[in-house]
Asker: 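Right, I'll just put the structure down here and ask away after.
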Amino acid sequence: MWCLELLLPLLLIINDARCQWNVWVPRDISAMTNSCVVIPCTFMYPSGIRPYRGTHGIWYFGQPYPQLFPPVVFKSRTDVVHESYKGRTKLLGDLNQRNCTLLINNIGAEHSGKYYFRADLGGANMYTYPDFSELKVLDQPNIDVPEEIVSDVSLELTCYAPDNCPEMTPEIQWMYIDYLPDPEISSDFLEDGNTAVLSSTLTFTPRPMHNGQLLGCRVYYPNTTLVYERLISLDIKYSPRSVWVNVSSEVMEGSSVMLHCEVDSNPPSRISWMFGDQELLWDTASNVSLSLDDVTPAQEGIYTCYGDNGYGIMNTSLYLAVNYPPREPVINDSMTILEGSTLALHCSTQGSPAPTLTWLKDGELVGTITADELSVLEIVEITPQGDGQYRCLAENEHGRASSSFNITVEYAPVLLEESKCTVVREGVQCVCIATGNPEPTIEFYLPDVNVTINETDGRYNFYTHTDGHTSTGMIKLREKGERVDNGGPAVNVHCSYFNTYGRESVQLELQQEKKYMMAVIVGTIGGVAVIAFIIAAVRYVGHNNKKENGTPRQDVVLENPALYYSAVKKDKQNLRKKVLKTELLGSKFNSILEETTGEDGDYQPVGSLAGLERQELNYAALEFIGARSREGASGRGDDDSNYTEIKAK
């Protein structure tokens with residue numbers, strides 16, 4: 001049943017063909033210029049038509065409508081044809097046999113186009129067939145090149161030469177194939193639609209190096225001078241096979257640098273510069289340059305150039321080092337710690353090349369020098385001597401930087417050996433000196449009272465002073481107290497010193513009692529000696545004057561007296577006594593006095609009080625020049641004596 005279904009349409013087609021105007025010509029046909037071409041043709045007309053006076057035919061060029069007067073290529077009734085076809089055309093078929101095959105000799109490029117056949121059966125039985133044959137006149141052979149040639153993939157190139165001229169048979173030859181790796185050539189003869197084509201196929205495996213190379217196909221006709229050539233340039237696609245960039249380099253911070261990248265690929269790659277995961281620049285080209293201005297340390301690192309053209313990807317990297325001086329070191333904050341603590345001091349910085357780190361304490365080297373960006377200084381069981389300024393110094397060949405901080409060590413108070421009680425003229429002076437951090441508070445404890453603040457009353461003076469971590473307390477007792485068995489004064493003074501970390505209390509011992517007694521004795525003897533000497537000197541001078549003048553004078557008046565009065569200054573606390581010294585006994589008496597009582601004959605400053613301002617001692621000088629008697633002068637009324645006045649200014 002299915003066979004009948006297939007045969008029925010075929011029978012209808014055959015029946016229709018016998019009853020219609022039809023022509024069979026090759027749709028496309030080609031020929032080489034200056035050669036010839038045969039256009040095969042067979043036509044049909046309705047079976048009911050009987051040719052009148054024979055069967056005739058006409059070939060038109062360009063269009064099928066006679067009324068538009070297309071160029072006549074061939075006409076069987078006459079020799080009247082278009083100028084360009086005179087002597088060139090010939091009908092090879094027998095029209096009575098419905099064969100309309102046409103030969104065109106010595107064709108040129110102007111003959112390329114569409115050819116239509118018109119059957120003339122006489123009378124009104126004329127018909128131009130709409131089907132046409134299109135002729136292509138070639139001046140060079142065709143090479144069938146694949147749309148894409150990929151490196152390392154086998155390639156076939158086919159060269160075609162039309163073989164539609166019975167009088168000449170073409171031959172094909174490949175040119176410029178000596179550099180190809182193992183080329184293979186094969187030939188073939190193709191017929192399609194009553195047309196013939198000779199082909200030659202070249203097979204080889206291209207490499208990237210063959211990109212842009214020339215290949216040629218030559219078509220020639222033996223025993224003629226007709227030669228046709230076609231050259232092609234191989235466009236071989238290949239993935240990037242090399243990516244060239246600058247060598248790794250070093251630049252200074254703030255300078256500029258140019259990074260170049262060149263990629264060998266076909267087609268040109270999409271070239272991109274990457275810094276980490278960040279794409280900095282891209283372009284489709286054979287080379288791309290990345291410009292970096294005012295370079296910073298943040299731009300140090302690996303830069304990668306990628307080339308990607310769809311056939312493959314390739315990359316190459318370089319390292320850009322940015323040199324710069326050390327940054328300001330990052331260190332610990334200033335801190336306050338307890339004595340005996342262990343701590344680690346950290347110093348970190350950045351620099352290129354890596355800096356050396358040095359720890360300094362109050363300008364002196366501590367620890368070791370580290371050639372790294374991190375240094376840790378460990379201090380085990382810190383002592384009060386560890387208190388001070390710590391500085392971390394970073395250095396490299398491009399510069400230096402430093403940072404500092406302070407460490408304050410807190411510790412319980414410690415009593416200094418200068419703490420004691422001494423006897424002074426007005427009583428007993430007790431000094432208590434302690435050091436600690438925080439600075440200690442000093443209090444004195446007497447048998448009947450606690451003294452904690454600066455104050456003065458009839459029994460004592462109390463004074464405190466703080467210098468850094470050292471506190472000084474001084475109390476002066478106006479009463480020397482009861483005598484003990486050895487004859488010295490009894491002193492019962494306790495010093496209490498304390499801060500956050502501890503409290504201590506000690507009884508201050510009395511010192512320098514014998515030296516004080518000796519100073520009193522020597523001072524008394526010296527005073528008597530001075531007075532005696534003054535009286536003797538006055539009497540001696542008066543006696544001499546009497547002898548020189550011969551007669552006694554009743555009144556003695558001093559002219560331009562050279563007698564000077566001593567003024568003994570008092571200090572603000574009225575702690576000093578008036579002492580008269582003369583130039584005659586001054587040096588010897590002073591040395592004795594300083595050995596016993598101190599320079600000022602008062603109390604010896606201790607600790608931080610040593611710098612207190614001392615009051616000056618004033619000296620008096622006695623001279624007796626040109627003395628004369630004076631009535632009413634005060635003094636003794638002896639006739640044999642001369643008098644002077646000693647007044648205190």
Side-chain angles (χ1 to χ4, degrees), residues 336 338-339 383-385 387-388 406 408-481 488-513 515-516 569-577 597-616:
T336 299
L338 184 62
E339 178 185 13
T383 65
Q385 288 70 33
D387 189 289
N406 293 318
T408 302
V409 180
E410 294 189 340
Y411 54 96
V414 177
L415 186 70
L416 301 185
E417 63 181 5
E418 291 91 341
S419 302
K420 59 189 175 182
C421 290
T422 57
V423 177
V424 295
R425 293 194 193 111
E426 295 184 356
V428 176
Q429 172 183 295
C430 295
V431 177
C432 185
I433 306 175
T435 180
N437 190 16
E439 61 273 7
T441 300
I442 294 180
E443 297 177 353
F444 284 102
Y445 295 90
L446 302 179
D448 57 348
V449 66
N450 294 342
V451 183
T452 60
I453 59 175
N454 291 355
E455 59 181 317
T456 300
D457 66 5
R459 297 174 53 195
Y460 59 84
N461 291 341
F462 177 62
Y463 169 79
T464 59
H465 173 71
T466 300
D467 183 11
H469 297 157
T470 301
S471 296
T472 302
M474 183 184 70
I475 187 169
K476 179 177 287 187
L477 304 177
R478 299 183 184 280
E479 299 178 359
K480 294 185 171 59
V491 177
N492 186 11
V493 177
H494 285 77
C495 172
S496 177
Y497 49 95
F498 60 92
N499 65 8
T500 307
Y501 301 105
R503 174 188 287 268
E504 296 289 341
S505 180
V506 298
Q507 181 175 358
L508 298 179
E509 296 182 357
L510 182 65
Q511 298 181 11
Q512 298 183 341
E513 185 175 2
K515 183 181 290 186
Y516 173 76
K569 297 182 180 179
K570 297 181 179 180
D571 58 13
K572 294 180 181 180
Q573 293 80 19
N574 293 320
L575 300 178
R576 302 178 183 269
K577 295 182 178 181
T597 64
E599 182 180 357
D600 295 331
D602 196 352
Y603 55 83
Q604 294 185 3
V606 179
S608 61
L609 299 178
L612 294 177
E613 180 182 3
R614 294 190 176 98
Q615 302 294 333
E616 297 180 354

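Being a predicted model, the structure only gives us computed values, none of them experimental.
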Asker: Which pair of non-hydrogen atoms, one from Pro440 and one from Pro413, has the smallest distance, and what is that distance?
Answerer: CB-CB, 3.8 Å
Asker: If you apply the rule side-chain contact (heavy atoms from CB on, under 4.5 Å), what do you find for Val431 with Thr472, and how did you get there?
Answerer: CA-CA 7 Å; Val431 177; Thr472 302; 4.1 Å; yes
Asker: What distance separates Tyr445 OH from Ser505 OG, expressed to the nearest 0.5 Å?
Answerer: 6.5 Å
Asker: Please tell me whether Tyr497 and Ser419 have a donor and an acceptor in their side chains that are separated by less than 3.5 angstrom.
Answerer: no
Asker: Does the SG-to-SG distance between Cys495 and Cys430 fall under 2.5 Å?
Answerer: no
Asker: Could you tell me if the side chain of Glu509 sits less than 4.5 Å from the side chain of Lys420, heavy atoms only?
Answerer: no
Asker: Side chains of Val506 and Leu415: closer than 4.5 Å at any heavy-atom pair?
Answerer: yes
Asker: Taking the side chain as everything from C-beta on, heavy atoms only, tell me whether Glu443 gets closer than 4.5 Å to Phe498.
Answerer: yes
Asker: Could you report the tightest heavy-atom contact between Glu439 and Gly468, atom names first, then the distance?
Answerer: CB-O, 3.8 Å
Asker: As an exercise, state the distance from OH of Tyr460 to CG of Leu477, rounded to the nearest 0.5 Å.
Answerer: 9.5 Å
Asker: Can you find a pair of side-chain heavy atoms, one from Tyr411 and one from Leu338, that are under 4.5 Å apart?
Answerer: no
Asker: So for atom CD, which belongs to Glu504, do other residues, nucleotides or ligands contribute more than 12 heavy atoms lying within a distance under 6.0 Å?
Answerer: no
Asker: CG/Asn461 to CD/Gln429 distance, rounded to the nearest 0.5 angstrom?
Answerer: 10.5 Å
Asker: Under the 3.5 angstrom rule, does the side chain of Asn499 hit a backbone N or O of Pro438 as a donor-acceptor pair?
Answerer: yes
Asker: Can you tell me which residue among Asp387, Asn437, Thr500 is in a side chain to side chain contact (heavy atoms under 4.5 Å, CB included) with Glu410?
Answerer: Asn437
Asker: Passes side-chain contact (heavy atoms from CB on, under 4.5 Å), Val423 versus Leu510? Steps please.
Answerer: CA-CA 8 Å; Val423 177; Leu510 182 65; 3.7 Å; yes
Asker: Do the non-hydrogen side-chain atoms of Leu446 and Val493 ever get within less than 4.5 Å of each other?
Answerer: yes
Asker: Restricting to non-hydrogen atoms, name the atom on Ile442 and the atom on Gly473 that form the minimum distance, rounded to 0.1 Å.
Answerer: CD1-N, 3.6 Å
Asker: When rounded to the nearest 0.5 angstrom, what is the spacing between NE2 in His494 and CZ in Phe444?
Answerer: 12.0 Å
